[in-house]
Amino acid sequence: MQAPQSEFHGHNNVDEPVSLGRLVSVTGGQAVVLLDNPDEEANHVKLIRPDIGTLLKVDTPTSIILGLVSASSAPMPSHNSEEPELRVVEVEFIGELLKRDDGTISGFKRGISRYPGLGDPVLPADQHELSRAYECGDAEALRIGCIQQDPSIPAMVKIDDLLGKHFAVLGTTGTGKSCSVALFLHRIIEHSPNAHIVVLDVHREYGGSFAECAEIITPHNLTLPFWLLTFEELVEIICGDQPNRETDMEVLRDLIPAAKNRYSANQRKDRKNRLSKVENDNLPIGVDTPVPYRVSDLTGLLDEFIGKLDMRNDLAPFKRIKARVEHLSRDPRYGFMFGSLTVQDTMADVIGRLFRIPVNGKPITILELGGLPSEVINVVVSVIARMAFDFGVWSEGRVPITLVCEEAHRYVPAGKTGGFEPTKRAISRIAKEGRKYGVSMVIVSQRPAELDPTILSQCSTLFSLRLTNEKDQEILKAAISDAAASLLDFVPNMGTGEAVATGEAVALPTRIKFDILPEHKLPHSSTASFAGAWSADINDTNLLHEVVKSWRSQTRLAYDTHSTDSGQGAVPDAAQELQPPAAPDAQDMPPLAPEGAGQMDPSLLAAALAAPAAPAPMAAPLASPQAPGQPAPTAPTLQPQPAAMPAMQPQPAAMPAMQPQPAAGMPPQPGVMAPQPAAAAPQAMPSQAQNPGGFGQANPATPAMPADPGLPAHAAPPAMAPAAPVQPSPGAVPGHPVAAPQPQPIDAAQAAAAAAPQQFAQG
């Protein structure tokens, strides 16, 4: 917006403040202003005392030069308050507002094209000039707060310069660093809902802030196959820092390509997967080629070398590697990497999920690293950073990606001996070359002194919150290229949520106040409340047991329930996720009968016991010896109960075909099967055929048995009606049916197992 000339530099405007002073010294980038002592009553204005950080202006014919107050002093102080004294302020030139021919302002430009002269008056910049100075022109910009000098003027950042050239957020814990990062991300996705942002969340702070628009990946739903790792990354996991690392590395260097080739050869033999694997048939496979292979292929090769007799003296590396690989495969903490039972080429799926391709309404991926083993976090960060850069290279920058590194000093520490070298190399490549391929980086750290200075120097925009450590302040001053380095003098004393912003994404180096997000969008810090926690005693008796169990299993005690379902299944909270498998209920357990005994199929038994309660069907009466001429007892008719018992299929493997022998002097009873209870005394019963399992009662799930060819036709056993196994009463009287026995499969099986030797002895 253009404004009248009088608003900017007219000398006849009665509303324009009086001059603060005049220039008495001008150098290349600095000037000294001698302050006036005007008569306040005569000028009817309030005397303005410029504070440190205030913008002042010097009006010239071609531009309005802006300078930042960096220091103030009184070289000749007066002991008498009534006597005037000499006061000066030091100003750093930071840019100029260019004028058009008609005197209006055309825009802001950094640097000075024409310096002012000695004696030129110096005035405070008004609101209109400040607005034009801090605006971003025609560039796409975002509001992140307001400037400290005038809260009515928004603090804007240029999106392309902010992301394309990297930026850093630095500040001591508790100064609002995480809230500032969340503010940046919310502003970005509000402007660009199809962004591609990956947040490496070490402390699990951001999940609740972006629950509705983020793909939240926790150790429980993370999938990062081990075959995506490079050789160095895999060696870090398998070998670590053990003394024989170099020897084991040489073994792995030969075995990994062989395992990949073996898997590829097996896939080529599989005609069903021929079409999906044909593109990899002629692919040259090296130790770092990201193609699938199986752990079993690697251990199989190790076994082959171990089995060679001529290598008995050189087997130690192979045995160490095999033991370590098998340990990792069983460790639940590494389940996201080694836990898959099948190996498939899911590289495209992994990349799509991590980098949000397609976005599907969730432009941010929050990777919660808090539950991962400490020794594997660096490897995971290395894989993510390397894949982001490689994806940018091979996609030719068509999908820009931003990687947010929380606690970056953990991954890229200063010095050559600290940190994981592949991680430092991957992040350094993004810092140096990422913008060429559309891969940007956000560095978040509370210790700039512990951060690799090369990484920090590649960030073209810095937002420094309060820093109290002297080494951190020195590193920050060395990293700033702007002339307004004096702004960093505010860094030790700024309040929470305040920052000094310098760099290419902001129009001017300035002190800003960040906007405050709504409560539901703020990240939730895990800082413990000592006063609240110590206000009462601990009454939870299970707390120690839960902590010990979590400690031993190396899993977090609880996870936030903000994780969402994103095609991989919803992530349950810790109370559900971290519970061990429940012991099977007694009614779900199969009967403890010896192998070959006629017990019910466990699945049918579980279904029957889980069905709604129904009147128990009458079991068939047990056969008893009858006196000659005495009528046989009448058996109640058995009716199947479909609601209480599902239809049972014959189990031929559960019980071999029995060859029953008819009881002596006992006429056949049509429609009635007389099984011999195992618990009844053998001497009180007539001779019965013993089945091969030693179980004297019939299996309801056993099909009708063919008649013995050596028996008369009428002695063929009738078809058995389905009924649950029964436990006869110990006091059963011969010749009388047992009244309504209840099914007790487990006890019957145990009794059968105990009685089997006796029955064999008497048979």
Side-chain angles (χ1 to χ4, degrees), residues 142 144-145 169 171-222 336 353-356 359-372 377 380-381 384 402-408 410 442 444-446 463 465 496-497 514-530 532-533 546 550 555-578:
L142 303 173
I144 58 171
V169 180
T172 308
T173 300
T175 58
K177 185 170 69 275
S178 299
C179 295
S180 303
V181 174
L183 173 66
F184 278 109
L185 298 181
H186 275 292
R187 293 289 189 264
I188 290 172
I189 63 176
E190 288 171 5
H191 180 273
S192 305
N194 292 320
H196 304 271
I197 302 172
V198 181
V199 180
L200 302 178
D201 187 3
V202 179
H203 303 298
R204 301 182 297 161
E205 297 179 301
Y206 296 96
S209 179
F210 300 93
E212 298 179 355
C213 58
E215 169 79 3
I216 302 176
I217 301 178
T218 70
H220 297 288
N221 64 356
L222 172 63
F336 70 96
R353 187 185 182 205
L354 287 175
F355 303 140
R356 307 309 307 143
V359 175
N360 289 333
K362 294 183 178 181
I364 296 181
T365 297
I366 298 178
L367 182 57
E368 295 186 345
L369 302 174
L372 292 175
I377 288 181
V380 173
V381 174
I384 301 300
T402 295
L403 183 66
V404 181
C405 295
E406 266 279 0
E407 302 293 343
R410 297 180 54 174
V442 181
V444 185
S445 177
Q446 58 183 346
F463 297 90
L465 290 87
T496 301
F514 285 114
D515 288 339
I516 300 177
L517 289 171
E519 180 65 26
H520 68 281
K521 292 185 177 181
L522 290 175
H524 299 286
S525 176
S526 56
T527 304
S529 174
F530 286 84
E546 294 175 357
S550 177
T555 55
R556 293 281 183 171
L557 191 62
Y559 264 91
D560 296 334
T561 57
H562 54 250
S563 300
T564 57
D565 189 3
S566 57
Q568 302 293 329
V571 182
D573 57 21
Q576 300 173 355
E577 179 68 24
L578 301 183

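All heavy atoms count here, side chains included; hydrogens, waters and symmetry mates do not. Keep in mind it's a predicted model, so treat the numbers as computed, not measured.
Counting heavy atoms from C-beta on, the side chains of Val380 and Leu367 come closer than 4.5 Å. Between Cys213 and Pro363, the closest side-chain pair of non-hydrogen atoms falls below 4.5 Å. Annotation: side chain of Leu354 is in contact with side chain of Ile217 (closest heavy-atom distance under 4.5 Å).
The line from CD1 of Ile384 to SG of Cys405 is 10.5 Å long, rounded to the nearest 0.5 Å. Taking NE2 from His196 and CZ from Arg356, the interatomic distance works out to 9.5 Å, rounded to the nearest 0.5 Å. Here the straight-line distance linking atom NZ of Lys177 with atom CD of Glu406 works out to 6.5 Å at 0.5 Å rounding. How far CZ of Phe184 is from CZ of Phe463: 3.5 Å, rounded to the nearest 0.5 Å. Taking OH of Tyr206 as the reference point, atom CG of Leu200 lies at 11.0 Å (rounded to 0.5 Å). Note that CD1 of Ile189 and CD1 of Ile197 are 7.0 Å apart. Values are rounded to the nearest 0.5 Å.
What you find for Ser445 and Ala408 is that their closest heavy atoms are CB-N, 4.5 Å. Shortest non-hydrogen contact noted between Leu465 and Gly171 is CB-CA, 4.1 Å. Asn221 and Arg353 make their closest contact through O-NH1, 2.7 Å (heavy atoms, listed as atom of the first residue, atom of the second, distance).
Taking the six-membered ring where tryptophan is involved, the planes of His186 and Phe210 are essentially parallel, since the angle between them stays under 30° and well short of 60°.
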Point to revise | Worked verdict on Val442 versus Leu185 for side chain to side chain contact (heavy atoms under 4.5 Å, CB included) | key: CA-CA 11 Å; Val442 181; Leu185 298 181; 5.9 Å; no
Review point. For Glu205 and Val181, what are the C-alpha separation, side-chain angles and deciding distance, and is it a side chain to side chain contact (heavy atoms under 4.5 Å, CB included)?
Key: CA-CA 11 Å; Glu205 297 179 301; Val181 174; over 6 Å; no
Exercise for review: Apply side chain to side chain contact (heavy atoms under 4.5 Å, CB included) to the pair Phe336 and Leu372, showing each step before the final yes or no.
Suggested key: CA-CA 10 Å; Phe336 70 96; Leu372 292 175; 3.6 Å; yes
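With sequence neighbours excluded, the residues satisfying side chain to side chain contact (heavy atoms under 4.5 Å, CB included) with Glu407 are Val202, His203, His409, Arg410, Gln446.
For the side chain to side chain contact (heavy atoms under 4.5 Å, CB included) with Asp201, the qualifying choice from Ile216, Ile366, Thr365, Val404 is Ile366, the only one to do so.
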